[in-house]
Student: 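My structure is below; once you've seen it, I'll send some questions.
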There are 2 protein chains.
Amino acid sequence: MATIYDVAKKVGLSVTTVSRVLNNRGYISEATRKRVYETMEELNYQPNELARSLLRKQSNVLGLIIPDVAHPFFSELASHMEACAYASGYKILLCNSHLDPDKERDYIDMLKRNRVDGIIMGSHTLEVDEYRTLQRPLVTIDRMIDASIPYVASDNYLGGRLATQLLLDKGCRKLAHICGNLALDLLANQRDAAYVEAAAAGGVEALTYETGTNVFDEGEYRELVKQLFAEHPEVDGIFAGSDLMAAFVLQECARLGRSVPDQVKLVGYDDVPMASWFVPSITSIRQPIRQMGELAVELLLKQLAGEEVPPATVLPVELMERETT
Amino acid sequence: MATIYDVAKKVGLSVTTVSRVLNNRGYISEATRKRVYETMEELNYQPNELARSLLRKQSNVLGLIIPDVAHPFFSELASHMEACAYASGYKILLCNSHLDPDKERDYIDMLKRNRVDGIIMGSHTLEVDEYRTLQRPLVTIDRMIDASIPYVASDNYLGGRLATQLLLDKGCRKLAHICGNLALDLLANQRDAAYVEAAAAGGVEALTYETGTNVFDEGEYRELVKQLFAEHPEVDGIFAGSDLMAAFVLQECARLGRSVPDQVKLVGYDDVPMASWFVPSITSIRQPIRQMGELAVELLLKQLAGEEVPPATVLPVELMERETT
DNA sequence: TTGTAAGCGTTATCAA
DNA sequence: TTGATAACGCTTACAA
């Protein structure tokens, strides 16, 4: 690869001058600028960002740690983040933690060694201290790790309430909430709190079924749904923690010959595109995934620019009523 | 962040020695090694990979260009690639081209400036020459750009044949293939070729409906499916280019009151996890996505190691028969 | 308007 | 077994 020296030599100028036209700094004559550009073109010159980053102490790379891009929620989130970062001249280094603490720690160290400018955490399995000592801007998604770390989330409490209220309004008499493991301490846990309260207020019985702490495991999800219907066949309203889980509920209902929404009503969560692809299409609580991704990136960039950012950003959710209720 | 100088100073040795223990090179006394390690720990030292990469002319970063991680096929592919790269000490820089040539060119330049060691292309919208002059190892997924660029694909021809044959065996009398735009010149086009041949051999009429050249556009897909049924209501066998498209077919059939598989039989493609989540679950042609991802990474790493790699790697596909046929 | 030289944090070469 | 120093490709005082 051509270096700035090659360009300088070929065009008969010093590297300083070439660097100047490259960065549009200081005074350079039009003629010189033109000649330099031409030469760069000829040599197919691409400035070495590693060298630049080393000098500037800024890499224009952001680290993204999520459980797994293969999960529809995170893949959509990642897609929007990438687009937003790209628009501001930043790149994304992709890390799938699989919720494995060793891997997550490893990734964090890797990101530090590579001097990423900031990190977005959509996964957290370590002790608070390991995040606090990170020495670089952080933003989390849907988790409050520490007061010093800004987070982006949607209104989980409202989401839980909307979902439950809808099931109540539709006349359900016995509810179940199938959700991720509450020990993971996500803000998503507020959905369950809201669910429990709303159900109590409505005078309706409310079960909660938690998955294990593994990252998305299809078999386990299916088992849980099976178990729920086996133990409580009289359940007639289900609030699922994701559209994915809702899909499994739909399938299990079909297997059991229970019609949705006639005998069982179902509300999913996230409103990933998939939710509207099923028959019946899945009623869901929409998280503004695009906004969440963009905001996370923006908050990170703001921190990099030395600006203050709010410690918490909670975006509104919306009930998307479809055919399962 | 602490530098190697800080460590050297604190431990009372030269940077050379510290560098040696860091890289496990040359002779160092056990005592020294131990003291150095301790000091690194104390200072929370993380070697600057930017500096290392600059010197070694090797960044241990791979570029991944795909249309969009939000698409289930690519998100799963990306997930496996990331895991495989990680296992070998490589990181992945994520780029969503959205099949936009300007963006793709931009990304390629960015990856060059950042001195990635190699690039995996799951998208290609530029002229062959732009790829040939890339000056670094490349591997493509499902596209043959040039004889000099190795590709990984699954057996599209066989996939097309298996799908078509199944529909014929099940007694379909009029087939339709809904697929991506054939002008994109993907190896996936072989599916259509196989489909046309197999249908002809079976003496059955075979339509082909192509989408536009946009990256996955839900509305467009739905329109296409609607159009197909409007123009040819007598179609009784559909071969969809992805499980996603198959889902739309399923939905449209429900809307039209045509039962699947009784009145219309349906085969999807890819066998992403989603395929088995629908009711009825979708019969699909399984691409070995994991293997494809891993192999692509491995082929790239082999090239980096200076080894010869086969110009073409075609993996087997498998018919996953489920409830839509 | 342009050039010289130091420095970013490493590793490799050569000496000691 | 350890250390001094040049080099990687770039930017930026400081000079001219």
Side-chain angles (χ1 to χ4, degrees), chain A residues 1-37 39-40 43-61 89 109-117 135-136, chain B residues 1-37 39-40 43-61 89 109-117 135-136:
Chain A
M1 294 241 65
T3 75
I4 202 172
Y5 279 90
D6 300 325
V7 177
K9 192 163 162 194
K10 177 141 191 196
V11 77
L13 288 166
S14 75
V15 293
T16 311
T17 307
V18 176
S19 172
R20 277 209 190 90
V21 345
L22 201 56
N23 297 283
N24 253 314
R25 248 188 275 290
Y27 299 95
I28 339 130
S29 71
E30 247 339 291
T32 303
R33 182 191 302 273
K34 187 150 169 283
R35 276 198 301 145
V36 170
Y37 275 137
T39 313
M40 286 179 174
L43 293 179
N44 207 336
Y45 171 72
Q46 298 282 0
N48 186 332
E49 287 295 337
L50 296 171
R52 287 186 176 201
S53 300
L54 179 58
L55 197 63
R56 292 185 182 146
K57 295 171 183 313
Q58 178 190 323
S59 61
N60 280 37
V61 175
D109 285 346
M110 181 274 274
L111 294 175
K112 282 166 104 171
R113 288 195 301 274
N114 284 275
R115 300 301 191 263
V116 299
D117 294 336
Q135 312 281 8
R136 50 187 29 78
Chain B
M1 295 239 64
T3 73
I4 201 171
Y5 278 91
D6 300 324
V7 177
K9 192 164 163 193
K10 177 142 190 194
V11 78
L13 287 166
S14 74
V15 292
T16 310
T17 307
V18 176
S19 173
R20 276 207 190 92
V21 346
L22 201 58
N23 297 282
N24 254 314
R25 248 189 275 289
Y27 300 97
I28 340 133
S29 72
E30 247 337 292
T32 302
R33 181 192 301 275
K34 188 151 169 283
R35 277 198 300 145
V36 170
Y37 274 137
T39 314
M40 286 178 172
L43 293 179
N44 208 337
Y45 170 72
Q46 298 281 1
N48 186 331
E49 287 294 338
L50 296 171
R52 290 204 207 207
S53 300
L54 179 58
L55 197 63
R56 292 187 180 144
K57 295 171 183 311
Q58 177 190 323
S59 61
N60 280 35
V61 176
D109 285 346
M110 182 273 273
L111 294 175
K112 283 166 104 171
R113 287 194 301 273
N114 283 276
R115 300 300 191 259
V116 299
D117 294 335
Q135 313 280 8
R136 51 189 26 82

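Each chain gets a letter, A, B and so on, in the order its sequence line appears, and its residues count up from 1. The model shown is predicted, which means the values in this text are computed figures rather than measured ones.
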Student: What I'd like to find out is whether the side chain of B/L50 reaches to under 4.5 Å of the side chain of A/N114, using heavy atoms alone.
Tutor: no

Student: What is the 5' to 3' range of DNA chain D, first to last nucleotide, that sits under 4.0 Å from any heavy atom of chain B?
Tutor: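 That gives a stretch of D/dT1 to D/dG9.
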
Student: Does the side chain of A/V36 reach to within under 4.5 Å of the side chain of A/L13, using non-hydrogen atoms?
Tutor: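 A/V36 reaches A/L13 side chain to side chain.
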
Student: Using the salt bridge (Lys or Arg N to Asp or Glu O under 4.0 Å) criterion, which residues pair with A/K112? Sequence neighbours excluded.
Tutor: none

Student: Between A/S14 and A/T17, is any side-chain donor less than 3.5 angstrom from a side-chain acceptor?
Tutor: yes

Student: I need the A/N48 CG to A/L55 CG distance, nearest 0.5 Å.
Tutor: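 Spacing of CG (A/N48) from CG (A/L55) equals 11.5 Å.
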
Student: May I ask you to list the residues of residues 11-23 of chain A, by number, that have any heavy atom positioned under 4.0 Å from an atom of DNA chain C?
Tutor: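 Within this stretch, A/L13, A/S14, A/T16, A/T17, A/R20 sit under 4.0 Å of the strand.
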
Student: Sequence neighbours left out, what passes side chain to side chain donor-acceptor pair (under 3.5 Å) with A/N44? Give chain and number order.
Tutor: none

Student: Using five base pairs at each end to define the local axes, how bent is the helix from C/dT1-D/dA16 to C/dA16-D/dT1, to the nearest 10°?
Tutor: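 End-to-end axis angle: 40°.
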
Student: Assign each of B/R25 and A/Y5 to its nearest nucleotide of DNA chain C by heavy atoms, then name whichever residue's nucleotide is nearer the 5' end.
Tutor: A/Y5

Student: Where do B/L22 and B/Y45 come nearest, in terms of heavy atoms and distance?
Tutor: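 In terms of heavy atoms, the two residues are closest at CD2-OH, 3.8 Å.
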
Student: Pairs in or reaching into residues 46-58 of chain A: which pass salt bridge (charged side-chain N to carboxylate O under 4.0 Å, His left out), with residues at least two apart or in two chains?
Tutor: A/E49-A/R52, A/E49-B/R113

Student: Hey, where on DNA chain C does chain A first and last touch, going 5' to 3'? Cut-off is any atom under 4.0 Å from a heavy atom.
Tutor: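 Contact span on the strand: C/dT1 to C/dG9.
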
Student: Can you tell me which residue pairs pass the salt bridge (charged side-chain N to carboxylate O under 4.0 Å, His left out) test with a partner in residues 21-37 of chain B, sequence neighbours excluded?
Tutor: B/E30-B/R33, B/K34-B/E38

Student: Within residues 44-58 of chain B, find the residues that approach DNA chain D with a heavy atom at under 4.0 Å, and present them sorted by residue number.
Tutor: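 The stretch gives B/L54, B/L55, B/K57 as the residues lying under 4.0 Å from the strand, ordered by number.
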
Student: Using a distance-only test with no angle check, is there a side-chain donor-acceptor pair under 3.5 angstrom linking B/S29 and B/T32?
Tutor: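 Yes, a side-chain donor-acceptor pair sits under 3.5 Å.
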
Student: Just to verify, what does A/K9 make a salt bridge (Lys or Arg N to Asp or Glu O under 4.0 Å) with, not counting sequence neighbours?
Tutor: none

Student: Distance from B/S19 atom OG to B/I4 atom CD1, nearest 0.5 Å?
Tutor: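 Rounded to the nearest 0.5 Å, the OG-CD1 separation comes out at 4.5 Å.
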
Student: Restricting to side chain to side chain donor-acceptor pair (under 3.5 Å), what partner residues turn up for B/S53, sequence neighbours left out?
Tutor: none

Student: Just so I know, are the side chains of A/R115 and B/Q46 near enough to count as touching, which here means a heavy-atom distance under 4.5 Å?
Tutor: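 Yes - at least one pair of side-chain heavy atoms lies under 4.5 Å apart.
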
Student: Going by the rule side-chain contact (heavy atoms from CB on, under 4.5 Å), which residues pair with B/L111 if we only count those two or more places apart in sequence or in a different chain?
Tutor: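 B/L111 satisfies side-chain contact (heavy atoms from CB on, under 4.5 Å) with B/I65, B/L93, B/C95, B/V116, B/I119 only.
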
Student: More 5' along DNA chain D: B/R115 or B/T32, using each one's nearest nucleotide?
Tutor: B/T32

